[in-house]
Amino acid sequence: MKSIDQMLKQLSGMFGTDDLTDWEHEFLESVIDKVKANNGDTTKLTAKQADIIDRLHSKHFARS
């Protein structure tokens, strides 16, 4: 399983594409801003935020 940090990096690579919905883009931007404000510490994210990141990663990067 990828770390939250790895998933965020992959998902942020989708910025500027039409693959993310507006909501997904806004959610990821806010989460990335929060992580940056905490010096890259993803442990400050809530369990719900981590779950949504995992679901978005699974949606856009299907595990084979």
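Quantities reported herein were computed from a predicted structural model and do not represent experimental measurements.
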To the nearest 0.5 angstrom, please state how far the [atom1] atom of [X] sits from the [atom2] atom of [Y].
{"X": "I52", "Y": "W23", "atom1": "CD1", "atom2": "CH2", "value": "4.5 Å"}
{"X": "T21", "Y": "L28", "atom1": "OG1", "atom2": "CG", "value": "8.5 Å"}
{"X": "S58", "Y": "K2", "atom1": "OG", "atom2": "NZ", "value": "11.0 Å"}

Can you confirm whether I53 sits close enough to L45 that some side-chain heavy atom of one is under 4.5 Å from a side-chain heavy atom of the other? yes
Can you tell if the side chain of I32 reaches within under 4.5 Å of the side chain of E29, non-hydrogen atoms only? no
Residues 8-18 side chain polar contacts: donor-acceptor under 3.5 Å, at least two apart:
residue : atom : partner : partner atom : Å
K9      : NZ   : D5      : OD2          : 3.2
Q10     : OE1  : H57     : NE2          : 2.5
S12     : OG   : L8      : O            : 3.2
S12     : OG   : K9      : O            : 3.0
T17     : OG1  : M14     : O            : 2.6
T17     : OG1  : D19     : N            : 3.2

Assess the residue pair Q49 and I4 against the criterion (side chain to side chain contact (heavy atoms under 4.5 Å, CB included)); give the C-alpha distance rounded to whole Å, side-chain angles, the decisive distance to 0.1 Å, and a yes or no. CA-CA 10 Å; Q49 287 171 320; I4 295 294; over 6 Å; no
Do other residues, nucleotides or ligands put more than 12 heavy atoms under 6.0 Å from the CG atom of D22? no
For the residue pair K59 and E24, what are the closest heavy atoms and their distance? NZ-OE2, 2.7 Å
Sequence neighbours excluded, which residues qualify as side chain to side chain contact (heavy atoms under 4.5 Å, CB included) partners of D41? N38, T43, K44
Can you list every pair that meets ring-ring contact (aromatic ring centres under 6.0 Å, His included) and has a residue in residues 31-53, with sequence neighbours left out? none
